[in-house]
Amino acid sequence: MAAAALWQPREEGLREICGLLEQQISPNGDQARIWQQLQQYNRLADFNNYLVFILAHAVGKSLEVRQAAGLLLKNNLRTTFSSLSSSYRQYIKSELLPCLGASDRTVRSTVGTVVSVLLQLETVAGWPELLEALAQCLASNDFNHMEGAMDAIYKICEDIPEELDVDVPGLSERPINIFVPRLLQFFQSPHAILRKLSLSSINQFIVFMPTALFMSMDQYLQGLFHLAQDPSAEVRKLVCSAFVQLIEVRPTFLEPHLRNVIEYLLQANKDPDDEVALEACEFWSAYCDGNLPPDGLREYLPCLIPILLSNMAYAEDDETLFDAEDDESFPDRDQDLKPRFHSSRFHGSDNSEEDDEDTVNVWNLRKCSAAGLDILSNVFGDEILPTLMPLIQQKSSTTSDSSWKEREAAVLAIGAVAEGCINGLYPHIPEIVTFLIPLLDDKFPLIRSITCWTLSRFSKFIIQNIGHRDGYEQFDKVLMGVLRRILDSNKRVQEAACSAFATLEEEAAEELAPRLEIILQHLLCAFGKYQRRNLRILYDAIGTLADAVGSELNQPKYLDILMPPLIAKWQQLANTDKDLFPLLECFTSIAQALGPAFSQFAEPVFQRCISLIEIQQLAKVDHVTAGVQYDKEFIVCSLDLLSGLAEGLGSGIETLVAKSNLRDLLLQCCMDQATDIRQSALALLGDLAKVCPVHLHPRIPDFLRVTAEQLNITAVKEAVSVANNACWAIGELAVQVRQEIAPVVLTVISYLVPILQNAEGLNKSLRENSAITLGRLGWICPELVAPHVGHFIQPWCTALCMIRDDYEKEDAFRGLCAIVRTNPQGAVNSLSYLCKAVASWHEIQSEDLHNDICQVLNGYKQMLPNGAWEQCMSTLEPPVVQRLSRFQV
């Protein structure tokens, strides 16, 4: 303490640092120069002492300067606190505590922020004086002290709630046991800010649920009901938030009070403050997501549904209303361009891509209400229609311009319940679609855009009805209506129409073939008029079209419309332009759809991918020489397009690979630190192994070693999708390079067996690929694999049962037959598992494999002692025994 007390700032240093902070907060300051100067000051051992002094004592300076000093101190402490001398640490802590009750709220709040960070570094045990100071402030009855302490406690509870629930040497009880009763008392405070901070603090513990809160639950719930009608909207919002969190993680606490809670939230859902209403609205989805008994909510549906529908109308201040007038002639602003997320290539059955349409859109009461109605429809199904449909009809029948928001909300509601209420709506789909089609031409752009979305929600059923009377005519009207909207002059409608068309394409697939020319004409007309943001969505629609119609696209009249503008855009975009990403994805789909016919466009596309990877790998180590900033997504998209070329061109890609350095680039990418680069690289490795394995020599041993490393248990836990692609690639390599696989066989098996034995919780695709690759290794090297079969035959056969019939499953069973022929004793005690795996086939295309399986089963039947085969058969389900009869046993 003495050393700390001796420290005093030098007047000159204080003046310089304050001057620099004033420049930093000035909008005209040279931030790069200021940052460099601050870095130089940072080298001074006592720089943080100056900052805390300015925060605590620079009364003559502006509050903004004091706050800037505090925030800089907070950031510095994260990186330098452990290297400070103990006397300086003590000085900083001793200066902060008296400021908890500073007369200015900005200073108090900044001190609270610094205190929370400091406690993370010191822990409660390292700073017992803080608890004492906080407790004294709470007990002081001085508003500034109470509010300053409460603000700090809230920030601590938000950042490190678990730190308050630990035993501290010298304290008779845990800090949380001291604070929870005091926080609950502040629910009664006459000051709204103290009620808000105390409730915010306790709410941080709901998920964590320490014993102190568990034991005080009754008092906490009483406090919530007391605050439910609080005059402060911020407090009411926190009450709703508490109920939402409790229903998500501790619903049993609310069960005795559920009726009161629901009735309160129905009222709160109509609160004049939109943020309170939004928080209350989250409750309905949380209740349904928690799989709680629907009966608890059922009787309230007639009250709840009208509230949700009412809140689905656009609010007057909804940002969408201001954007809705955006004409296509207005150039996109940078902030209009959503960040986009490319999903790395994945080989397998269940790499579900999350729909990220609203990732950067503002969540609001309208969207939350629509999501609530959607989830209610999934829980209660057609039960909600008698309440909902009259309301929709009432809103949609209004005709005045002033009521357009009501009509729009009605269309949104139809789309929201399209999945959950489909049984009740199904007989009426033709009528619903007939009602919607004219709205595609409504004068209000937001009605046109929501109609596109709602029609897309019924895509599947519109397609299903094609075979029925008037079904094709209606499908054609929807298709042409959506194509018209793709050429709308309003950007938002363009976006909604492209997204709706992409959904329609996926469902319609080959039904689009007769209209392909007119579709391409519309899409390419849009290509000429769209701004950057919607161009990205258009690329997606074109790519989805290629996926949907496949080889139908391969006609000169279609390619003449489609390819020239895409190639012109491809040539026009610089290697640094992120608009290349969606175009790369679009080309990937086209290459796969056209197959060998893409060869006429392939060479410049292939070369561009190679150069993009080269430039980015250089930029990673030297961005100045590369001339671009490193961005791994260029590599990922390029690798995926090369995979698409390999898949589309087949062995036709061989001449391109032969003339390039792809093999060495690919090996580098397989070893990259970034998981998504490794994932895409390993997918490409497997694709190249299938079509031109000769060009992977002489690096095959390196590829095998690197790929096998992705399968150890640590790597699997860190990046399961990378492991999945590695597993698949090794299997493809094994089939192509045969005995060259031998050096890694036992290593790979040692990694695959734990995956099969601990399949629960791992993704389905990794399990399936592990089973297939294990079989392929056994097929190529049975003498290496067979001695170990007893360790893995049961989980392996269980996994084989789940794989759909195809050539990969055939390879796996060739391995199974080779292994048990080499070591029949290894599987004899697991014969029932083997029989179930065989019975999982619906039809084996390969006659040779069918015969191999017959030999294996009959071999066991003859090998087993009297009655043992029959005993095994008696343990199997009758359908399994019946399927086995196809194999002459």
Side-chain angles (χ1 to χ4, degrees), residues 323 326-345 353 356-357 359-361 486-487 491-492 494-499 501-502 520 522-547 561-592 598 601-602 604-617 619 623 626-645 676-677 680:
D323 296 341
D326 253 13
D327 187 84
E328 65 185 1
S329 59
F330 291 111
D332 285 340
R333 301 157 301 176
D334 282 343
Q335 61 262 41
D336 293 333
L337 299 171
K338 294 181 187 179
R340 56 173 308 290
F341 307 97
H342 172 83
S343 296
S344 296
R345 200 170 174 88
E353 289 176 30
D356 67 346
E357 271 183 41
T359 43
V360 292
N361 286 356
I486 282 175
L487 299 183
K491 289 186 193 177
R492 182 168 286 276
Q494 292 171 356
E495 178 183 3
C498 273
S499 298
F501 180 61
L520 287 169
H522 277 78
L523 294 181
L524 274 300
C525 183
F527 200 85
K529 61 192 267 163
Y530 276 17
Q531 302 283 349
R532 282 175 64 200
R533 171 177 162 162
N534 284 351
L535 261 183
R536 295 176 175 187
I537 299 161
L538 182 64
Y539 294 142
D540 181 54
I542 294 171
T544 308
L545 179 67
D547 294 337
I561 302 171
L562 176 65
M563 296 308 292
L566 288 178
I567 288 167
K569 179 63 79 172
W570 170 261
Q571 290 166 342
Q572 173 196 337
L573 292 174
N575 283 342
T576 53
D577 195 325
K578 293 188 178 184
D579 287 346
L580 267 176
F581 299 152
L583 191 51
L584 286 160
E585 291 173 3
C586 181
F587 269 121
T588 304
S589 294
I590 293 170
Q592 288 168 309
F598 192 77
F601 313 108
V605 172
F606 182 92
Q607 298 299 350
R608 181 77 176 272
C609 289
I610 296 291
S611 66
L612 282 169
I613 295 170
E614 288 174 332
I615 290 165
Q616 288 299 326
Q617 288 192 336
H623 69 87
V628 301
Q629 288 293 331
Y630 174 65
D631 185 337
K632 65 179 180 179
E633 201 153 358
F634 283 102
I635 299 179
V636 173
C637 288
S638 298
L639 290 168
D640 288 349
L641 178 44
L642 290 169
S643 274
L645 288 176
D676 38 3
I677 290 180
S680 290

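Hydrogens, waters and symmetry mates are skipped; everything else that's a heavy atom, side chains included, is used.
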Which value, rounded to the nearest 0.5 Å, describes the distance between [X] atom [atom1] and [Y] atom [atom2]?
| X | Y | atom1 | atom2 | result |
| --- | --- | --- | --- | --- |
| R608 | L573 | CZ | CG | 7.0 Å |
| M563 | I590 | CE | CD1 | 5.0 Å |
| D547 | C586 | CG | SG | 9.5 Å |
| S638 | E614 | OG | CD | 10.5 Å |
| I610 | L642 | CD1 | CG | 5.5 Å |
| L562 | F527 | CG | CZ | 9.0 Å |

Look only at the side chain of S680 and the backbone of I677, and say whether a donor-acceptor pair between them is shorter than 3.5 Å.
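Checking the backbone N and O of I677 against the side chain of S680, no donor-acceptor pair under 3.5 Å is found.
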For K491, is there any backbone N or O sitting under 3.5 Å from a side-chain donor or acceptor partner on N534?
yes
Tell me which one of I615, D577, L580 satisfies side-chain contact (heavy atoms from CB on, under 4.5 Å) with F634.
L580
Looking only at heavy atoms, which two atoms of [X] and [Y] are closest? And how far apart?
| X | Y | value |
| --- | --- | --- |
| V628 | T576 | CG1-CG2, 2.8 Å |
| G644 | A591 | O-CB, 4.0 Å |
| I486 | C498 | CG1-N, 4.0 Å |
| Q616 | Q629 | OE1-O, 3.8 Å |
| F587 | L641 | C-CD1, 3.7 Å |

Could you tell me whether the side chain of [Y] reaches within less than 4.5 Å of the side chain of [X], counting heavy atoms only?
| X | Y | result |
| --- | --- | --- |
| D540 | E585 | no |
| L566 | Y539 | yes |
| L523 | I561 | no |
| P564 | L524 | no |

Does the side-chain contact (heavy atoms from CB on, under 4.5 Å) test come out yes or no for L535 and D579, once each step is laid out?
CA-CA 9 Å; L535 261 183; D579 287 346; over 6 Å; no
So, are R533 and E495 salt-bridged, with charged N and O less than 4.0 Å apart?
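Here R533 pairs with E495 in a salt bridge, since their nearest N and O are under 4.0 Å apart.
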Could you walk me through whether T588 and S643 pass side-chain contact (heavy atoms from CB on, under 4.5 Å), step by step?
CA-CA 8 Å; T588 304; S643 274; over 6 Å; no
Go through the steps for I635 and Y630 under the test side-chain contact (heavy atoms from CB on, under 4.5 Å), then give the verdict.
CA-CA 10 Å; I635 299 179; Y630 174 65; 4.1 Å; yes
